[in-house]
Amino acid sequence: MSHISARTEGFKPAKNGAHLRTDGGIEVLMPWNDQSGGGGQNQGGGGQGPWGSGGGPRRPWGQPPRQQPPRGPQGGDLEDLLRQWRERFRFGGGSGGSGGGRGFSWPLIAGILVIGWLGTGVYIVDEGERGVITRFGDFNRVTGPGIHVQLPPPFEARQVINVTGQRTTEIGLVTRNNQSTDVPDESLMITGDRNIVEVHFRIYYNIKEVSDFAFQVREPDNAVRQVAESAMREVIGRRQLEPIITTERGAVEQDVETLMQQVLDEYQSGVQVLQVELLRAAAPAAVIEAFNDVVNAGQDAETARNNAERETSRIVNEAQAYRERVVREATGEAQRFIAVHNEYRQAPQVTRDRLYLETMERVYRNGNLVILDSRSGAVPYLPLDGMVRRNAPTQPQAEGAR
């Protein structure tokens, strides 16, 4: 009698040679001296195997071995490859079959996949960055620098944003390989005096509120460009052309920065404008010559006006100085006359003599005369030799003139 039991192992003879295990997990117990061949002939004799003797090995149930179909030059290799793959990826491991390898363990693979899925929830935020976490698409929290853990997708999602890095955008031009190209649709603007000016400028900004930057405005960088262009057009439209390109460049930059920040705060964009740099402000190339002529004429007019004002100031200053001098001299003469009149009232004769003498002194100041007063009673002493020597050089000249 044979005893059959289910097992999950391949063929394996027992030590006492009394039983065999099939590849399908069936254990067959039979004595070695069983001569029955499951429908085959009884060959009696010792030393025979459980399959009987004769034309080769037989299966446990007595059937002859299955004939393998002939294989082509490539069909056999393909079948072997498919059989190896099928044995590798079957559920559960084992050493049966012609492959002889051990298959993958699906629970182990599933565990690795779960661990990898959970590992996607671990992330690192660098210094100067912030992590924005959303739970089922709704804003949940903001994380700072360091190592953080979140629920893996699709429960939570993250967005890491650099909040301290300086961002720039250019309006009116495009820079490639250190070469700038004008963009007329952005650069040409109308001034307050109905002139056209070509403006190129650059915006420097960063993020001051990361949650607003991520959720309040769609495409915030593009929004900054649009707000910057709109603010510049408004500021340019309130000014005249000449001050824009000459003396009010700093004022234009400051006004654009203030207006941009006000609009971006109203949008709750989370953007902080750092600086507005005006790169170019000039007349378009098509009218640059005519504009230069106008500018030169204005400069010439300004120069002539300045020269006239300077000459006017000089004449006015000289007139004021002359007036002050005449007034002072007249005042002095009047005071002197009043002083002489007071002296004359006290001593009329002495004053007459003094006036006479001062008048004669002024009259004969340049004359070569000696006047003696006979009423003084003094004996005059005339240094005739000195007078002769003093007058001697003039006599030859007089003779020569004759």
Side-chain angles (χ1 to χ4, degrees), residues 126 128-132 134 137 139 142 157-241 243-246 248-288:
D126 294 334
E129 296 180 340
R130 295 295 183 270
V132 181
T134 57
F139 172 71
V142 176
R158 68 176 176 271
Q159 183 181 4
V160 179
I161 301 175
N162 189 333
V163 298
T164 59
Q166 182 174 274
R167 302 168 182 244
T168 61
T169 183
E170 295 178 342
I171 311 297
L173 74 161
V174 176
T175 303
R176 294 188 180 94
N177 298 327
N178 295 328
Q179 294 183 354
S180 299
T181 304
D182 179 55
V183 182
D185 293 341
E186 296 179 353
S187 62
L188 296 181
M189 303 180 185
I190 299 178
T191 63
D193 53 355
R194 299 299 186 271
N195 287 316
I196 298 177
V197 62
E198 183 179 290
V199 178
H200 298 166
F201 63 102
R202 184 181 293 118
I203 307 298
Y204 298 91
Y205 65 99
N206 61 7
I207 300 173
K208 66 177 180 179
E209 187 59 43
V210 64
S211 60
D212 291 343
F213 183 84
F215 298 107
Q216 293 296 334
V217 178
R218 180 179 297 178
E219 298 182 0
D221 293 327
N222 190 27
V224 171
R225 288 181 55 85
Q226 296 178 0
V227 170
E229 182 179 352
S230 177
M232 180 60 75
R233 291 186 182 277
E234 181 174 346
V235 172
I236 292 296
R238 295 198 300 257
R239 284 179 165 81
Q240 295 184 355
L241 176 60
I244 291 174
I245 65 179
T246 55
E248 297 185 1
R249 296 172 63 94
V252 170
E253 294 175 348
Q254 185 63 37
D255 291 349
V256 172
E257 179 179 346
T258 302
L259 184 57
M260 279 189 62
Q261 190 64 61
Q262 179 181 354
V263 175
L264 291 172
D265 290 343
E266 291 177 357
Y267 290 168
Q268 297 181 357
S269 62
V271 173
Q272 177 67 44
V273 180
L274 301 178
Q275 182 184 359
V276 176
E277 181 181 4
L278 191 59
L279 303 177
R280 172 181 170 83
V287 296
I288 189 65

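These figures come from a predicted structure and were not determined experimentally. Values reported hereafter were calculated over all heavy atoms of this structure, with side chains retained and with hydrogens, waters and symmetry mates removed.
- Counting heavy atoms from C-beta on, the side chains of I161 and R130 never come closer than 4.5 Å.
- Judged as a side-chain hydrogen bond (donor to acceptor under 3.5 Å, both in side chains), and not counting sequence neighbours, the contacts of R158 are Q150.
- Separating the CD atom in E234 from the CD atom in E229 is a distance of 13.0 Å, to the nearest 0.5 Å.
- Distance OG1/T164 to CD1/I207: 9.0 Å, rounded to 0.5 Å.
- Contacts classified as ring pair (Phe, Tyr, Trp, His ring centres under 6.0 Å) and involving residues 204-226 (residues at least two apart or in different chains) are given here: F139-F215.
- L279 places a side-chain heavy atom less than 4.5 Å from the side chain of L173.
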Is there a side chain to side chain contact (heavy atoms under 4.5 Å, CB included) between L278 and M232? Walk through the geometry before answering. CA-CA 10 Å; L278 191 59; M232 180 60 75; 4.1 Å; yes

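- Side chain of Q261 to backbone of V271: a donor-acceptor contact under 3.5 angstrom is found.
- Distance check, rounded to the nearest 0.5 Å: CD1 of I196 to OG of S187 gives 10.5 Å.
- Under a cut-off of 6.0 angstrom, the local environment of CZ in R218 is sparse, with at most 12 non-hydrogen atoms contributed by other residues, nucleotides or ligands.
- A donor-acceptor pair under 3.5 Å is absent between the side-chain atoms of Q240 and the main chain of G192, judged by distance alone.
- Contact of the V174 side chain with the S180 side chain is not registered, since no non-hydrogen atoms from C-beta on lie closer than 4.5 Å.
- Under the salt bridge (Lys or Arg N to Asp or Glu O under 4.0 Å) criterion, the residue pairs touching residues 175-187 are E186-R225, with sequence neighbours excluded.
- Side-chain N or O atoms of T258 include one that pairs as donor or acceptor with a backbone N or O of Q254 at under 3.5 Å.
- No more than 12 heavy atoms of other residues, nucleotides or ligands sit less than 6.0 Å from atom CD of Q179.
- Taking CD of Q216 as the reference point, atom CG of L264 lies at 13.0 Å (rounded to 0.5 Å).
- The shortest non-hydrogen separation linking A223 to V217 is CB-CG1, 3.7 Å.
- Contact record, R167 with N162: NH2-O, 3.3 Å, taken as the closest heavy-atom pair.
- In this structure T191 satisfies the side chain to side chain contact (heavy atoms under 4.5 Å, CB included) test together with D193, N195, V197, I236, L241, I244, sequence neighbours excluded.
- Residues satisfying the side chain to side chain contact (heavy atoms under 4.5 Å, CB included) test with A228, not counting sequence neighbours, are I171, F201, I203, M260.
- With sequence neighbours excluded, the residues satisfying side-chain hydrogen bond (donor to acceptor under 3.5 Å, both in side chains) with E170 are T175, R202.
- Salt-bridge check for E253 with R249: failed, with every basic side-chain N at 4.0 Å or more from each acidic carboxylate O.
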Side chain to side chain contact (heavy atoms under 4.5 Å, CB included) between K208 and D265, intermediate numbers included: CA-CA 11 Å; K208 66 177 180 179; D265 290 343; 3.0 Å; yes

Under the criterion side chain to side chain donor-acceptor pair (under 3.5 Å), I'd like the reasoning laid out for Q166 against T168: C-alpha separation, chi angles, the key distance, then a yes or no. CA-CA 7 Å; Q166 182 174 274; T168 61; over 6 Å; no

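- Side chain of D126 to main chain of E129: no donor-acceptor pair is present (N/O by atom type, distance under 3.5 Å, no hydrogens or angles).
- With rounding to the nearest 0.5 angstrom, the CD atom of E257 is 8.0 Å from the CG atom of L274.
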Which is it for T169 and D221 under the side chain to side chain contact (heavy atoms under 4.5 Å, CB included) test, yes or no, and what are the steps along the way? CA-CA 8 Å; T169 183; D221 293 327; over 6 Å; no

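- For A251 against R239, the heavy-atom pair with the smallest separation is CB-NH2, 3.8 Å.
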Check against side chain to side chain contact (heavy atoms under 4.5 Å, CB included), V163 and N206: CA-CA 6 Å; V163 298; N206 61 7; over 6 Å; no

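- Using modelled atom types, no side-chain atom of R280 and backbone atom of G172 make a donor-acceptor pair closer than 3.5 Å.
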